[in-house]
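The block underneath contains the structure these notes are about, expressed in structure tokens.
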2 protein chains.
Amino acid sequence: MNADTSPTRGEATRDALVRAAVEIFGRDGFDAAGTRALAEAAGVNQALINYHFGGKAGLYHAAIEYIVGRVREHIDPLLATIDAQLGDDVPAEQCLAMLLQLLDAFVVVLTSEESGTWARLILREQQDPSEGFDILYGSFMSRVLGILTHLIGRIRNIDPDSEAADLLGFTLFGQVLVFRTGRAAIERRTGWQQFSKREIAAIQAQIHSNVTAILMQETTE
Amino acid sequence: MNADTSPTRGEATRDALVRAAVEIFGRDGFDAAGTRALAEAAGVNQALINYHFGGKAGLYHAAIEYIVGRVREHIDPLLATIDAQLGDDVPAEQCLAMLLQLLDAFVVVLTSEESGTWARLILREQQDPSEGFDILYGSFMSRVLGILTHLIGRIRNIDPDSEAADLLGFTLFGQVLVFRTGRAAIERRTGWQQFSKREIAAIQAQIHSNVTAILMQETTE
DNA sequence: GTCTATAGTCGGATAGAC
DNA sequence: GTCTATCCGACTATAGAC
């Protein structure tokens, strides 16, 4: 209805609410987050949540889709590049390099301050899936897992749709994921105050070493 | 004050509340969990939360300590066995076997239905640590990480207190942890409805393969 | 130690002026 | 599209009978 390139007043309100919602819902969870806190964090009136999103649940839904957008912003270019290179017969070494590149990208994303905000929301959906999880899984999780197992299939010369490829994918990704899910314990153990370039590089080096060892070992059976 | 071996009526109430609290707090989080829901799930009167625990926060604290007890019940015997064997000069192969045994135990615990309940609570504390996290970390997390890095140090012949040992410990444990933290995505990808003996064995086999490959590779630098 | 009843606060949603 | 004011239900905690 509005063909202006400049955002209308209403759109600015919507945007402020969504950004605040990611923060507040991520920190407090859906039930514990209050509409008053959401509105205050966004700097808008409380009644506008209902006007723009039809209620608290509608705002939550919008927050999920915002997260999807941010995550895809980070990984879609990389996934597209990998997809493009997977058409031909690529040697295993190149597939491994792409896989490591993908995991490197996730190390950066998952250790970033920004991800701390929305990773909580995703983690909640993993433990107690709502309709929001359908969106998250369909939007990027399945795609990442698909690429991951595809690459693993090429490298290990196994069926990418097999259970073996899945389990390898989960365990490889788990090595990266733990730096977000277990962050508090990791900070205590290491004394790290934040994850700056040095720590990220050290993590990536460890992942490289592990993944190469796992995927390049001789097949025993 | 009460030297009876049989539980008094009050102790039964306390116990019912704590068990319900682990369930409800785990599912809903501290703020979203209501005292009415807690009392109803325990089958006791709402006012008894205040009488026995001084309030909702006191009950949460008791729930954390209950979880600590359950986790230690699972892992303490194993940790003690490993500790006992670590006194002498044990060969790397035996250390690897013990490490795999430890990870196997965590696969069982983290895929169990029971852990689904309290793992949520621990995950929340990891993302947003409260005083509860101090208890969790001090009670078993630091101990598990300590044993893990100790074993890794022996196997790879490196300092167990080094960053290298820590990073290895995190990534190895991450391979197990992902089956709890990413459970919803894993269920979708694999179609598994639950983790029964077959699935657990497959996961353990994959972990064995991965960990052996990681720790038994030749040192390159 | 357990109950009912209730005080006092805060939650989401809405009506209606502008 | 945004605001104030308000309804009504749910919350934690407590007082007091038993």
Side-chain angles (χ1 to χ4, degrees), chain A residues 1-64 66 121 124 128 130-132, chain B residues 1-64 121 124 130-132:
Chain A
M1 301 303 179
N2 194 317
D4 286 359
T5 52
S6 66
T8 64
R9 201 156 50 122
E11 279 168 0
T13 299
R14 286 181 65 92
D15 196 58
L17 274 171
V18 171
R19 288 171 187 272
V22 174
E23 180 83 23
I24 306 284
F25 280 130
R27 204 188 48 203
D28 300 342
F30 180 79
D31 290 315
T35 51
R36 281 166 177 83
L38 289 162
E40 192 181 357
V44 304
N45 189 278
Q46 185 225 6
L48 293 174
I49 292 173
N50 235 269
Y51 179 80
H52 284 289
F53 299 96
K56 188 182 169 181
L59 178 54
Y60 182 76
H61 186 267
I64 293 272
Y66 179 83
L121 222 154
R124 277 185 222 277
D128 219 353
S130 73
E131 319 91 42
Chain B
M1 303 304 179
N2 195 317
D4 285 359
T5 52
S6 67
T8 64
R9 198 156 53 121
E11 278 167 2
T13 300
R14 286 181 63 94
D15 196 57
L17 274 171
V18 170
R19 288 172 188 272
V22 174
E23 180 84 23
I24 306 284
F25 280 130
R27 202 187 50 203
D28 300 341
F30 181 78
D31 290 316
T35 50
R36 280 169 178 77
L38 289 161
E40 191 181 359
V44 305
N45 188 277
Q46 185 227 6
L48 293 174
I49 292 173
N50 236 270
Y51 179 79
H52 285 289
F53 300 96
K56 189 182 170 182
L59 178 54
Y60 182 76
H61 187 267
I64 292 270
L121 222 154
R124 276 185 222 277
S130 72
E131 318 91 41

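Note on naming: letters A, B, ... go to the chains in the order of the sequence lines (proteins, then strands), and numbering restarts at 1 for each one.
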Rounded at 0.5 Å granularity, tell me how far [atom1] in [X] sits from [atom2] in [Y].
X	Y	atom1	atom2	value
L38(A)	L48(A)	CG	CG	12.5 Å
L59(B)	I24(B)	CG	CD1	10.5 Å
L17(A)	N45(A)	CG	CG	10.0 Å

Evaluate D128(A) against R124(A) for salt bridge (charged side-chain N to carboxylate O under 4.0 Å, His left out), listing each step before the verdict.
CA-CA 6 Å; D128(A) 219 353; R124(A) 277 185 222 277; over 6 Å; no
If every non-hydrogen atom of D31(B) is compared with every non-hydrogen atom of A32(A), which pair is closest and at what distance?
CB-CB, 3.3 Å
Could you check how far [atom1] of [X] sits from [atom2] of [N], rounded to whole Å?
X	N	atom1	atom2	result
E40(A)	dG11(C)	CD	C1'	15 Å
N50(B)	dA7(C)	CG	P	18 Å
K56(A)	dT14(C)	NZ	P	14 Å
L38(B)	dA13(D)	CG	P	11 Å

Would a distance-only check, ignoring hydrogens and angles, find a side-chain to backbone donor-acceptor pair under 3.5 Å from K56(B) to I49(B)?
no
Counting only non-hydrogen atoms, which of residues 17-34 of chain A are less than 4.0 Å from DNA chain D?
none
Can you confirm whether E11(A) sits close enough to T8(A) that some side-chain heavy atom of one is under 4.5 Å from a side-chain heavy atom of the other?
yes
Between the protein and nucleotides 2-6 of chain D, are there any N/O to N/O pairs under 3.5 Å, and if so, what are the atom names and distances?
residue : atom : partner : partner atom : Å
dT2(D)  : OP1  : R9(A)   : O            : 3.3
dT2(D)  : OP1  : T13(A)  : OG1          : 2.5
dT2(D)  : OP2  : T13(A)  : OG1          : 3.3
dT2(D)  : OP2  : H52(A)  : NE2          : 2.7
dC3(D)  : OP2  : N45(A)  : N            : 3.3
dT4(D)  : OP2  : N45(A)  : ND2          : 3.2

Once ring pair (Phe, Tyr, Trp, His ring centres under 6.0 Å) is applied, what residue pairs with a partner in residues 24-54 of chain A remain, sequence neighbours excluded?
F25(A)-F30(A), F25(A)-Y60(A), F30(A)-Y60(A)
